[in-house]
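This report concerns only the one structure given below.
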Amino acid sequence: MGTGTFSPEHLHVVVNHLPLIGLAASAIPLLYALLRRESHTLRVGFFMCLLFGGSVALVMATGENADEDIDHGSRLGSLLDTEGSRWLHVHEAHDENASL
């Protein structure tokens with residue numbers, strides 16, 4: 001990445017786990033708010049749920065862009081070895097199953 005470019009593939013790798021990790025982390029303030037009966041902490045937990053739940057759209061968009069770039073001969077697609085290509089197809093299959 002020495003040229004300063006940030007490709008869709010790189011962005012997808014960065015944001016791919018935001019929904020899962022973010023929603024799991026939002027359980028902390030939600031549980032704390034329920035135990036302590038604090039409405040402001042409950043609002044923080046709900047905001048986190050909205051923020052990280054909404055990040056699914058970003059993950060899907062960057063994944064689609066990355067898929068198009070790889071399918072149309074991006075530099076990253078040509079750098080994948082056989083094992084990397086196989087795992088990319090596994091990742092795509094999981095995406096297809098989750099999108100149903």
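Being a predicted model, the structure only gives us computed values, none of them experimental.
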Quiz item: So His12 and Val59, side chain to side chain contact (heavy atoms under 4.5 Å, CB included) or not? Walk me through it.
Solution: CA-CA 6 Å; His12 183 67; Val59 171; 3.8 Å; yes
Self-check item: Shortest non-hydrogen contact from Val15 toward Pro19
Solution: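 The answer is O-CD, 3.8 Å.
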Exercise. Please answer: with hydrophobic residues joined when any side-chain heavy atoms are less than 4.5 Å apart, are Val14 and Leu58 in the same cluster?
Key: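 As far as the 4.5 Å side-chain criterion goes, Leu58 and Val14 are connected within one cluster.
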Exercise. Check whether Leu11 and Phe52 end up in the same hydrophobic cluster, where Ile, Leu, Val, Met, Phe, Trp and Tyr are linked by side-chain heavy atoms less than 4.5 Å apart.
Key: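 Leu11 clusters together with Phe52.
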[atom2] on [Y] to [atom1] on [X], rounded to 0.5 Å:
| X | Y | atom1 | atom2 | result |
| --- | --- | --- | --- | --- |
| Thr62 | Asn16 | OG1 | CG | 7.0 Å |
| Leu30 | Met48 | CG | CE | 8.0 Å |
| Phe46 | Leu50 | CZ | CG | 9.0 Å |
| Leu20 | Ser55 | CG | OG | 10.0 Å |
| Leu31 | Thr41 | CG | OG1 | 12.0 Å |

Quiz prompt | Criterion side chain to side chain contact (heavy atoms under 4.5 Å, CB included) on Leu23 and Cys49, from CA distance to verdict | solution = CA-CA 6 Å; Leu23 288 173; Cys49 287; 4.3 Å; yes
